[in-house]
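A short write-up of the structure that comes next.
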Amino acid sequence: MENIKLSVIIPAYNAGESIGRCLDSIFDSVQDGYIEIICVDDGSKDDTWQVLQRYAAKYACIHAFHKKNGGVGSARNVGLSKVTGDYIAWVDSDDYVTADWYSEIMTGLTKYQPDCLFFDYFYTYGEKNEPQHIALPEKVELGSFVYEQSLERELKNFLWNQVIRANFLKKAVFNETYHMLEDYDILTQITPDFKSIIHLKKCLYHYVQTDSSLTHNVSTDVLWNNISVVKRRYDKYTALGLPVSINDYMIQLVEYLYNHGGEDKAEDTERLISIRHQLRLVSKNVFCDKGISKRLRIKAIFAVLNLDSILSRILFLKRMRK
């Protein structure tokens, strides 16, 4: 495969202050090559669209699109409908890439021609970078990839550190009603079909952490929807015989149980009953799955025994003492 063309999709919403840094980092990395950059402004209320228009006027490879606000899933779908490249990479508008991001990716794609290529990354706090190295070799078997993703450790369920053949993503559709886990859901659709997976053992991306990204005030409806998204993957991968850990499914169950707001008491009660039932069904896995952390295991056990309210109180008092 000669002259591989890389398409980069950047969904943006109210990113006027960061989208310039994001785009500049890509151009600093690319130098030259076969690339197109598709930016989708999802109805921003700031000057995001004006910034994108300036960059599109300056660089022929940038294609900017403006749409009515519909969420990141709808913006990603618009981006997918515009790509012409062989592979698709994703960059979030408030993040940025390293100087060797493009050269490393293209070297890996040209050498291996994989279905999926992924790389290590930095957690970036201002000027501080914390490297996140994924515990997988260069050539990765599907089972190892799936299991590591389900642990939700260094290999997260994000698209920005994965470069995937365009024909896989063009067959998939992002759910436009989700407020979280739209990346997770799309990966569930396409990952089982990967035949070749390559890991670049180098940090190539700055995943920027801000006060808003570190504060997770999520509604109970979103938390509830997350459970169904994660359970769907767990059930699918289990049925396919893939070695999936129950860890990320357990995280979502426990997250709701210990953080639900109970705005609608009747509905919340029904959900809590359902969650406890789901926990009991997988209680054996809580003890057998080595991928579950000690802290998560304790929370799950207390929940199965209907003692989670006591543990919640203990954890609250512990936080107050700090």
Side-chain angles (χ1 to χ4, degrees), residues 1 4 6-7 9 76 80 83 85-90 101 104-121 132-175 178 181-205 207 226-252 282 285 288-293 296:
M1 183 187 297
I4 293 172
L6 181 66
S7 295
I9 300 177
R76 293 190 190 280
L80 280 179
V83 296
D86 305 295
Y87 284 88
I88 298 174
W90 304 81
W101 172 82
E104 292 288 338
I105 287 174
M106 296 308 293
T107 297
L109 294 180
T110 303
K111 180 178 180 180
Y112 295 106
Q113 301 182 26
D115 293 332
C116 173
L117 176 149
F118 67 99
F119 45 81
D120 299 343
Y121 57 95
Q132 303 295 306
H133 296 293
I134 300 165
L136 287 171
E138 184 178 43
K139 293 184 178 181
V140 184
E141 296 295 327
L142 177 61
S144 299
F145 184 74
V146 164
Y147 185 76
E148 192 68 26
Q149 266 194 330
S150 64
L151 293 179
E152 275 288 345
R153 292 173 185 167
E154 288 79 16
L155 182 57
K156 303 293 186 181
N157 287 276
F158 296 125
L159 285 168
W160 45 251
N161 75 325
Q162 298 190 37
V163 181
I164 299 169
R165 279 188 184 274
N167 60 346
F168 284 92
L169 285 162
K170 285 184 175 181
K171 293 185 294 185
V173 178
F174 285 91
N175 189 303
Y178 292 170
L181 300 189
E182 72 284 341
D183 288 13
Y184 191 107
D185 187 58
I186 211 79
L187 287 170
T188 299
Q189 296 179 46
I190 65 177
T191 296
D193 294 326
F194 292 163
K195 298 294 188 294
S196 172
I197 304 172
I198 293 297
H199 174 205
L200 300 182
K201 302 170 76 171
K202 193 170 184 178
C203 295
L204 302 177
Y205 189 97
Y207 181 33
N226 289 352
I227 292 173
S228 64
V229 173
V230 176
K231 184 178 186 298
R232 184 159 56 248
R233 173 187 289 189
Y234 181 74
D235 290 344
K236 177 177 180 176
Y237 286 5
T238 299
L240 291 172
L242 292 170
V244 58
S245 170
I246 201 171
N247 187 66
D248 53 356
Y249 175 30
M250 193 67 61
I251 287 173
Q252 298 302 326
V282 297
N285 303 67
C288 300
D289 193 326
K290 295 180 180 180
I292 299 177
S293 69
L296 181 60

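Everything quoted here is computed from the prediction, not taken from an experiment. Quick note: residue numbers are just sequence positions, from 1.
Between Ile164 and Leu159 the shortest side-chain heavy-atom distance falls below 4.5 Å. Annotation: side chain of Leu109 is in contact with side chain of Pro114 (closest heavy-atom distance under 4.5 Å). By the 4.5 Å heavy-atom criterion applied to side chains, Leu80 and Phe174 are counted as neighbours. Two residues are said to be in side-chain contact when any heavy atoms from C-beta on lie closer than 4.5 Å; Asn157 and Asp183 fail this criterion. Looking at Lys111 and Ile198, their side chains never come closer than 4.5 Å, going by heavy atoms from C-beta outward. Using a 4.5 Å cut-off on side-chain heavy atoms (C-beta onward), Leu155 and Asn161 make contact. Between Asp289 and Asn247, every side-chain heavy-atom pair lies at or beyond the 4.5 Å cut-off. For the pair Tyr184 and Asn226, the minimum side-chain heavy-atom distance is 4.5 Å or more.
Of the possible polar contacts, none joining the Arg165 side chain to the Phe194 backbone as a donor-acceptor pair under 3.5 Å is found. Side chain of Glu138 to backbone of Lys201: no donor-acceptor contact under 3.5 angstrom is found.
In plain terms, the two heavy atoms of Gly85 and Ala166 that are nearest each other are O-CB, 3.4 Å. When all heavy atoms are compared, the tightest approach of Arg76 to Trp90 is NH1-CE3, 3.1 Å. Closest heavy-atom contact between Gly291 and Arg153: O-NH2, 2.8 Å. Contact detail for Ser150 and Ser245: the closest heavy-atom pair is OG-N, 2.9 Å. Nearest heavy-atom pair, His133 versus Cys203, reported as atom, atom and distance to 0.1 Å: CE1-SG, 3.7 Å. The two atoms that bring Leu200 and Gly108 nearest to each other are CD2-CA, 4.5 Å, heavy atoms only.
Summarising the geometry, atom CD1 belonging to Ile88 is positioned 4.5 Å from atom CD1 belonging to Ile9; distances are rounded to the nearest 0.5 Å. Here the straight-line distance linking atom CG of Leu296 with atom CD of Glu152 works out to 11.5 Å at 0.5 Å rounding. Taken from CD1 in Ile292 to CD1 in Ile246, the straight-line distance is 6.0 Å, to the nearest 0.5 Å. Separating the SG atom in Cys116 from the CG atom in Leu187 is a distance of 8.0 Å, to the nearest 0.5 Å. Taking OG1 from Thr107 and OH from Tyr112, the interatomic distance works out to 10.5 Å, rounded to the nearest 0.5 Å.
Salt-bridge formation is not detected for the pair Lys195/Asp115: no Lys NZ or Arg NE/NH1/NH2 atom is positioned less than 4.0 Å from an Asp or Glu carboxylate oxygen.
A side-chain contact (heavy atoms from CB on, under 4.5 Å) with Asp120 is found for exactly one of His199, Gln132, Glu154, namely His199.
A cation-pi arrangement is present between Lys171 and Phe168, with the terminal nitrogen or guanidinium carbon under 6.0 Å from the aromatic centre and inside a 45° cone about the axis.
Listed by first and then second residue, the salt bridge (Lys or Arg N to Asp or Glu O under 4.0 Å) pairs involving residues 226-249 are Asp185-Arg232, Lys231-Asp235 (not counting sequence neighbours).
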Side-chain polar contacts of residues 139-149 - donor-acceptor pairs under 3.5 angstrom, sequence neighbours left out - could you list them?
none

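Ring geometry, Tyr207 versus Trp160: the interplanar angle falls from 30° to 60°, so the pair is classed tilted.
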Inset, instruction - Output, in order, the C-alpha distance, side-chain angles, deciding distance and verdict of side chain to side chain contact (heavy atoms under 4.5 Å, CB included) for Tyr87 and Leu117. - result: CA-CA 10 Å; Tyr87 284 88; Leu117 176 149; over 6 Å; no
